Peer 1: 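Structure below; questions to follow.
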Protein chains: 2
Amino acid sequence: MTRWLDEDELRAWLRLAGVMLKLSAALDSQLQRDSDLTHFDYLCLAMLSESDERRLAMSELAARTNASLSRLSHVISKLEGRGWVARTPSPRSRRVTLVDLTEEGWKVLVAAAPGHVETVRSLVFEGLSRDDVAALERVAGHIVDRIEGTP
Amino acid sequence: MTRWLDEDELRAWLRLAGVMLKLSAALDSQLQRDSDLTHFDYLCLAMLSESDERRLAMSELAARTNASLSRLSHVISKLEGRGWVARTPSPRSRRVTLVDLTEEGWKVLVAAAPGHVETVRSLVFEGLSRDDVAALERVAGHIVDRIEGTP
DNA sequence: CCTCACTAGTTGAAGTTTCAAGCGTTGAGG
DNA sequence: CCTCAACGCTTGAAACTTCAACTAGTGAGG
């Protein structure tokens with residue numbers, strides 16, 4: 001027997017589903033319009049910029065951006081084509097590919113960041129109390145944990 | 001001057017971004033595996049099934065599924081090809097297209113629902129308190145409202 | 001009545017993501 | 001040493017989404 005969602009859960013679920021569809025669309029469209037970047041492109045550049053030497057192995061970057069290696073590989077090829085990242089073989093192991101953020105890529109990220117952060121602030125955090133932010137972190141963390149615990 | 005996110009906001013934001021990427025991927029993959037349906041396909045069938053006469057105009061369905069008309073049109077063509085929905089011109093206005101859920105489509109939805117609900121329950125609600133559910137609804141509602149208020 | 005801006009929907013191409021298959025590398029066990 | 005399964009990554013095709021352009025119908029204002 002299926003345990004259906006009760007009334008409260010259903011309302012919460014529909015809103016969460018709305019957030020997933022609309023928020024990611026809104027972020028994509030702002031970044032696309034202002035910086036010719038996908039939200040996922042942005043995430044890649046941002047993760048690289050925050051790592052030591054601004055460089056990461058493909059697998060590590062895939063993990064940090066929650067993406068499949070295949071998706072990442074295609075996107076990195078695109079970004080590489082634009083000169084924003086560069087692939088270099090790892091000296092450590094010949095099957096590892098390292099991705100570097102180039103100076104160009106860094107500039108693109110720096111130029112895109114303010115608009116993106118502004119959008120996130122205005123769509124998500126504006127008008128949210130401290131408690132709301134804490135609850136958001138707690139609940140979102142819970143969901144991510146459950147997903148990662150169920151492969 | 002950009003107002004950056006503070007520490008708490010940043011943590012909450014990274015988790016929320018994780019939810020958007022991972023939860024929708026998880027839902028898609030469960031539905032794809034078990035019922036050969038996209039989460040968006042499922043939403044279309046579900047919205048139709050809950051409406052009067054199991055029929056809606058394209059625009060109305062687009063609004064309820066948070067999709068562009070173009071995206072919807074392509075997907076409805078696919079579902080129509082499988083015999084799960086049918087397009088009929090509206091008697092009210094010749095530019096309106098109505099979409100009906102067919103008997104076949106209804107069966108597909110009924111077959112897919114338990115597994116989908118089970119997945120949602122297990123990834124989202126299992127282990128969440130009443131208060132958490134309320135907070136989720138409140139915060140998610142807040143975000144959706146802000147997006148809809150900023151077109 | 002017209003006109004014209006707007007609405008509803010479709011379409012094809014371009015861009016993105018997934019899927020499945022494949023290639024070379026590594027390392028644990030025999 | 002070998003072997004072979006697992007790892008890290010890439011690739012091409014298929015599936016999906018977006019984008020821009022387009023058809024056609026509607027209705028408010030003149």
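These numbers come from a predicted model, not from an experiment.
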Peer 1: Please classify the nucleic acid contact of A:S73 as base, sugar-phosphate, or nothing, using heavy-atom distances under 4.0 Å.
Peer 2: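 Touches a base.
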Peer 1: So does B:E126 have more than 12 non-hydrogen atoms from other groups sitting under 6.0 Å from CD?
Peer 2: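 For B:E126, atom CD is crowded (more than 12 foreign heavy atoms under 6.0 Å).
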Peer 1: So which protein nitrogen or oxygen atoms get under 3.5 Å of nucleotides 5-7 of chain C's nitrogens or oxygens?
Peer 2:
{"unit_1": "C:dT7", "atom_1": "O2", "unit_2": "B:R95", "atom_2": "NH1", "d": "2.6"}

Peer 1: Rounded to the nearest Å, what distance is computed from the CG atom of residue A:L69 to the P atom of nucleotide C:dT17?
Peer 2: 15 Å
Peer 1: Provide, to the nearest angstrom, the distance between the CE atom belonging to B:M58 and the P atom belonging to D:dG25.
Peer 2: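 Answer to the nearest Å: 17 Å.
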Peer 1: In whole angstroms, how far is the P atom of C:dT10 from the CD1 atom of B:I76?
Peer 2: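 About 9 Å, once rounded to whole Å.
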Peer 1: Nearest whole Å is fine: how far is D:dC16 P from B:L31 CG?
Peer 2: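 Between P of D:dC16 and CG of B:L31: 13 Å.
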Peer 1: With a non-hydrogen cut-off below 4.0 angstrom, is A:S77 in contact with a base, only sugar-phosphate, or nothing?
Peer 2: nothing
Peer 1: Looking only at heavy atoms, what is the nearest atom pair of A:C44 and A:L72, with distance?
Peer 2: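 A:C44 and A:L72 have their closest heavy atoms at SG-CD1, 3.8 Å.
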Peer 1: Residues from residues 85-92 of chain B sitting under 4.0 Å of DNA chain C, heavy atoms only?
Peer 2: B:R87
Peer 1: Start at the 5' end of DNA chain D and walk down; is the nucleotide closest to B:S68 or to B:R94 reached first?
Peer 2: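 Going by which nucleotide is closer to the 5' end, it is B:S68.
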Peer 1: Mind calculating the distance between CG (A:D28) and C1' (D:dC16) to the nearest angstrom?
Peer 2: 14 Å
Peer 1: To the nearest Å, how far apart are B:L27 CG and C:dT18 P?
Peer 2: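 Rounded to the whole Å, the gap is 14 Å.
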Peer 1: Report all interatomic pairs (protein N or O, nucleotide N or O of nucleotides 13-16 of chain C) with separations under 3.5 Å.
Peer 2:
{"unit_1": "C:dT16", "atom_1": "OP1", "unit_2": "A:K78", "atom_2": "NZ", "d": "3.3"}

Peer 1: Using whole Å, report how far CZ of A:F40 lies from P of D:dT18.
Peer 2: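 Rounding to the nearest Å, CZ of A:F40 and P of D:dT18 are 17 Å apart.
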Peer 1: Could you tell me which residues satisfy side-chain contact (heavy atoms from CB on, under 4.5 Å) with A:A17, sequence neighbours excluded, listed by chain and number?
Peer 2: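 Residues passing side-chain contact (heavy atoms from CB on, under 4.5 Å) with A:A17: A:W13.
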Peer 1: Hey, is the side chain of B:S70 pairing donor to acceptor with the base of D:dC19 inside 3.5 Å?
Peer 2: yes
Peer 1: Does anything in residues 95-118 of chain A form a salt bridge (Lys or Arg N to Asp or Glu O under 4.0 Å)? List the pairs, not counting sequence neighbours.
Peer 2: A:R55-A:D100
Peer 1: What residues, two or more places apart in sequence or in another chain, satisfy side-chain contact (heavy atoms from CB on, under 4.5 Å) together with A:R94?
Peer 2: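 Per chain and number, A:R94 pairs via side-chain contact (heavy atoms from CB on, under 4.5 Å) with no residue.
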Peer 1: Would you list the pairs meeting ring pair (Phe, Tyr, Trp, His ring centres under 6.0 Å) in which at least one residue belongs to residues 95-131 of chain B, sequence neighbours left out?
Peer 2: B:H39-B:H116, B:Y42-B:H116
Peer 1: Measure CG/A:N66 against C1'/C:dT18 and give the value in whole Å, please.
Peer 2: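 Interatomic distance, CG of A:N66 to C1' of C:dT18: 16 Å.
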Peer 1: State which residues pass side-chain contact (heavy atoms from CB on, under 4.5 Å) with B:R130; sequence neighbours excluded, sorted by chain then number.
Peer 2: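 With neighbours one apart ignored, the set is A:D6, A:D8.
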Peer 1: Counting only side-chain nitrogens and oxygens, does B:S93 get under 4.0 Å of the OP1 or OP2 atom of D:dG25?
Peer 2: no
Peer 1: Using the test salt bridge (Lys or Arg N to Asp or Glu O under 4.0 Å), find all partners of B:R82 that sit at least two apart in sequence or belong to another chain.
Peer 2: B:D36
Peer 1: Side chain of B:T97: nearest nucleotide among D:dG25, C:dT10, C:dT18?
Peer 2: C:dT10
Peer 1: Which residues satisfy the side-chain contact (heavy atoms from CB on, under 4.5 Å) test with B:S90, sequence neighbours excluded?
Peer 2: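 Testing B:S90 for side-chain contact (heavy atoms from CB on, under 4.5 Å), a comparison that skips the adjacent residues, returns B:R92, B:V96, B:L98.
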Peer 1: Please name all residues satisfying side chain to side chain donor-acceptor pair (under 3.5 Å) with B:T38, sequence neighbours left out, ordered by chain then number.
Peer 2: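 Listed in chain order: B:D41.
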Peer 1: Considering residues at least two apart in sequence or located in another chain, which fulfil the side chain to side chain donor-acceptor pair (under 3.5 Å) criterion with B:E80?
Peer 2: B:R87
Peer 1: Are more than 12 heavy atoms, taken from residues, nucleotides or ligands other than A:R33, located less than 6.0 Å from that residue's CZ atom?
Peer 2: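 More than 12 within 6.0 Å, yes.
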